[in-house]
Amino acid sequence: MEIPKTYDPKQAEEHHYGRWEREGCFAPEVNGDPSAPVYSIAIPPPNVTGSLHMGHALQHTIMDVLTRYYRMKGFRTLWLPGTDHAGISTQIMVERQLKKEEGKTRHDVGREDFIGRVWKWKEQYGGEIQRQMRREGVSVDWSRERFTMDEHLSRAVREFFVRCYEEGLIYRGPGMINWCPKDQTALSDLEVDKESQAGKLYYLRYPVKGSDRRVTVATTRPETMLGDTAVAVSPVDERYADLVGMTLILPIVGREIPLVADEFVDPEFGTGAVKVTPAHDPADYAMGKRHGLAQVSVIDQHARMTAEAGAEYEGLDRYEARERVVQKFEESGLLEKVVDYEFSITKCERCGTVIEPLISTQWFLKQAELAREPLRLFRERREPRFVPENPYAKVYENWLAGLYDWTLSRQLWWGHRIPAWYDAGGNVYVARTEEDARRAAGADDLEQDPDVLDTWFSSALWPISTLGWPDEGSPDLKTFYPTSVLVTARDIIFLWVSRMMMTGMKFEGRKAFDDVFITGTIFDKHGQRMSKTKANGIDPLVVFDKYGVDATRLVLASIGSTDTRWNDNQVESYRNFANKIWNAARFCLMNSEGARVGGGFEGEPERWALHDRWIVSRLNKTAREVAAAVEAYQFHEAVYALYHFFWDDFCDWYIELSKSDVTAADAGPERDAARGRVLTVLEQALRLLHPFMPFITEELWQRLPGVGKESLHVAYREAGVTPTVMLAAFPRADESLVDERAEAEMRSVIELVSRVRNIRTELSVKPSEEVRLVIGTAGNGLGDLFTASLPQIKRLTRAADVSVRDSLAEVPRASARAVLAGGAEVAVPLEGLIDFEQERARIGRAREKQEKELQKVGGQLSNPQFVGRAPAEKVEELRQRAADLAGRIKALGEMLEALGE
RNA sequence: GCCCGCUUAGCUCAGUGGUAGAGCACACGCUUCACACGCGUGGGGUCGUAGGUUCAAGUCCUACAGCGGGCACCA
């Protein structure tokens, strides 16, 4: 069989995904066991305009490992994919295209035509991320793929809206919102970024009516003073106590405004007096409500000054107006001072424009009320469970506990149009359909609200709407809800986690997921967050091309929930690991004639050779460790266990120990059995690796002799799919095959081989040169052990001759020696190669090391406090160790003597 | 201001109160019949600082420092 020496990931990656998908391996229906437990995940829907970034790749890897693992365990498994419509991003993208290609705005073509174009754009370009996901190897059920603008999901959105409206949770009214002057829409608090910025703090003097006193206020936005309707001070501030209730004259404008007392004001800050602009600041808005202050809007939706700001300012940009206002204050001597000041500004998350807080009529959702049930569930039962618990459980709880109304409406065209209609008299009718609204209005000429809903409003329904809600008795909802886990990034806790919990609790009465796994953040190698503006992002597809998908997945799985600086070295090391797997399989396959997977381990394990009992024990322990690690979301532990089992145990030792049998010149049952054993262990290892490395494992598994339908998990045998490792049973740890004695004995053999190799290297014995070994067993039963493994020991130490004796008394003086655990010793006669002085120094160093260790252990043992208080088991352990050390030191001393002074 | 996390080998990171680990990097040797993306051998750490608890602390507690994050405030 011709197998290349180097693994080519591309070839395997292109080979299997299509077949898995075509044959329905990803769909839960492939499972024919009606009593199978269920495992389900709803993907956090990526943005339809987006392309894959490292964060997606990380999340998808985690989800795919879990999905493939539970599928191989026989669970009825569903991982449901899809995308959201990303209202603003998508609309902006299409608007830009329209401008570029036809020089038109969306208003030029009209709403209906524009939406048609967005759909067309979506059909043409929207599939990018889905193609990239196939490249990742994700085992999502594409037959259930959903899009938030699908007819069904749109119906779910209307249902959500109408029900909440009917219950009074959704209302329409004026409120203080974040307005983006560029995108011309309202935004929720989660769609804006706060940024620290160097600016100025202006101290303005406001005259007190009927007095020559003045009150100085400090502000970062002087232009808003045109809309001031009060000045506030702290009720406990004695400096202003006598002024409370008096009237001030607002400079420039001449408006009379009151001086009020409010708890909000911090007397320590600035002058202790705050100008109040209820129409342009969220805090002032609240204060205005408390004191019944007028709201004067001086800035419009384009961030220009309004007529109310005064004829002199009307139409000016807010920053121009600022300069003029400051100038005016200066001229009239009312500008006390200007100081440098760092403050934070709010910017639109998408376009970076400075947000203008203003009063606007919008639709709002009383989130705090929807959060009540999730909050109760969390406080009473700690559900859902966060992994890692710290700090995310607290972040979630704090968020739910501190919610305020969510601005739902967006002044966009692309999205779910608000199901509210108005009659000629301006009365509003909220309904599931226009027909319902007409019936309710008793009129035909209704106009639908022009606004659409926040994209996150539809994402909030994702776990239930994708499974069929609001349809009564939807079988998917019944089977797959609640989902098993939500895997996402930490900033999504507010956007998805909490809101999905709200809708799940409200409409299904149950949590949306059992667990929430929060992935770590991947930084660049300098520790900087990856971002488009910094252009320091690492493209996962480039990494796939360079190192292969499987290697990349292994790195991502190990990252799990840890914040990490990306490091290509790690991927390279796993690329090498993939190549190691490839070559181990290459060896097994090149020597597979006469053997099949499953053969070679016949009869009672007690009769097997040591290294066979050992590898089976290691295999079962590894299966146990990997399963435990995956189920506990400790993916790095699973990867570590797999890496070391495969490379160290299987390749470095088991294959080497089996080599002489496997490659024996004469064919025969013994050779074939040995071949069957390496194949069998390899096949089991491929299953263990499969959730992490789907492509290479499938590529190799397909080539193994003796795998077929019977290899599949019993739940998949009737499915009629091409036998595949992804539907094979994940190896269950058989504790009866875990053999501690075999492992201890193998440790002795490994130590012997390692000591001899060390001697060979240190004494510069040529690798090709054969040596002679004398093993002294001190009559403690190790003799049989070493004798039984003699052929293996000879091969691994490149020894022509090995003799096992009671002691090393008879060995030539010109020998290099080493001490082994359990009182055994080994000598390598090296006539002519030994420099006695050097050898004495070498052994002297070894003895010194042991003596130092013994001193430490002895010190502890001679401490009565330790012996008295530590568990007897620990004390005994240490005594054993001390005895072993003493034995070694004694033996090393004898060796020094034998070498002569 | 409040809360949280991190600080372990040159780098990236594991680490469960009981002998400090891995990968990469480094050094030396190797055309050993699966693999140089490899094989063998080795060097390298007062576990951020200072206290405390304990027979025993990288691990638990307190304080501090540096880095990072969240929330609040930011007139």
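The sequence lines fix the lettering, A, B, ..., with proteins before strands; numbering per chain opens at 1.
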Quiz item: In whole Å, what separates the C1' atom of B:G17 from that of B:A56?
Solution: 7 Å
Quiz prompt | Donor-acceptor pair under 3.5 Å, A:K580 side chain vs B:C35 base | solution = yes
Quiz item: For B:U7, which nucleotide in any strand shown is its Watson-Crick or wobble partner with both distances under 3.5 Å?
Solution: B:A65
Quiz item: Taking the same atom, P, in B:U59 and in B:U19, what whole-Å distance lies between them?
Solution: 14 Å
Quiz prompt | Between B:G23 and B:A9 - P atom distance, rounded Å | solution = 16 Å
Quiz item: Roughly how far apart, to the nearest Å, are B:A63 and B:C71 at atom P?
Solution: 24 Å
Exercise. Answer with yes or no whether A:R881 presents, from its side chain, a donor or acceptor under 3.5 Å of a partner atom in the base of B:U19.
Key: yes
Exercise. State whether the distance check finds a donor on one side and an acceptor on the other, under 3.5 Å, for side chain A:S573 versus base B:C24.
Key: no
Quiz item: Can you name the nearest heavy-atom pair linking A:D237 to A:P267, along with the distance?
Solution: OD2-CB, 3.6 Å
Quiz item: How long is the span from the CZ atom in A:R322 to the NZ atom in A:K200, to the nearest 0.5 Å?
Solution: 11.5 Å
Quiz prompt | Sidechain N-carboxylate O distance under 4.0 Å for A:D568, A:K546 | solution = yes
Quiz item: B:G1 and B:G44: how far apart are their C1' atoms, nearest whole angstrom?
Solution: 44 Å
Self-check item: Ring centroid separation A:Y640 to A:H644 under 6.0 Å
Solution: yes
Quiz item: For atom C1', what is the distance between B:C64 and B:C6, given to the nearest Å?
Solution: 16 Å
Exercise. Sort out the partner of B:C26 for me: Watson-Crick or G-U wobble, both distances under 3.5 Å, none otherwise.
Key: B:G42
Quiz item: Is any side-chain N or O of A:E656 under 3.5 Å from a base N or O of B:A34, one able to act as donor and the other as acceptor?
Solution: yes
Quiz item: On a plain distance test, is the side chain of A:K194 in donor-acceptor contact with the base of B:A72 below 3.5 Å?
Solution: no
Practice problem: Taking atom C1' in both B:A25 and B:G18, compute the distance separating them and give it to the nearest angstrom. | Solution: 32 Å
Self-check item: Inter-nucleotide C1' distance (B:U8, B:C3), Å rounded
Solution: 26 Å
Quiz prompt | Nucleotide forming a Watson-Crick or wobble pair with B:G58, both distances under 3.5 Å | solution = none
Practice problem: Have a look at A:R575 and say if it touches a base, only the backbone sugar-phosphate, or nothing, with a 4.0 Å heavy-atom cut-off. | Solution: base
Practice problem: Answer yes when A:R842 and A:E839 have at least one side-chain N-carboxylate O distance shorter than 4.0 Å, and no when they do not. | Solution: yes
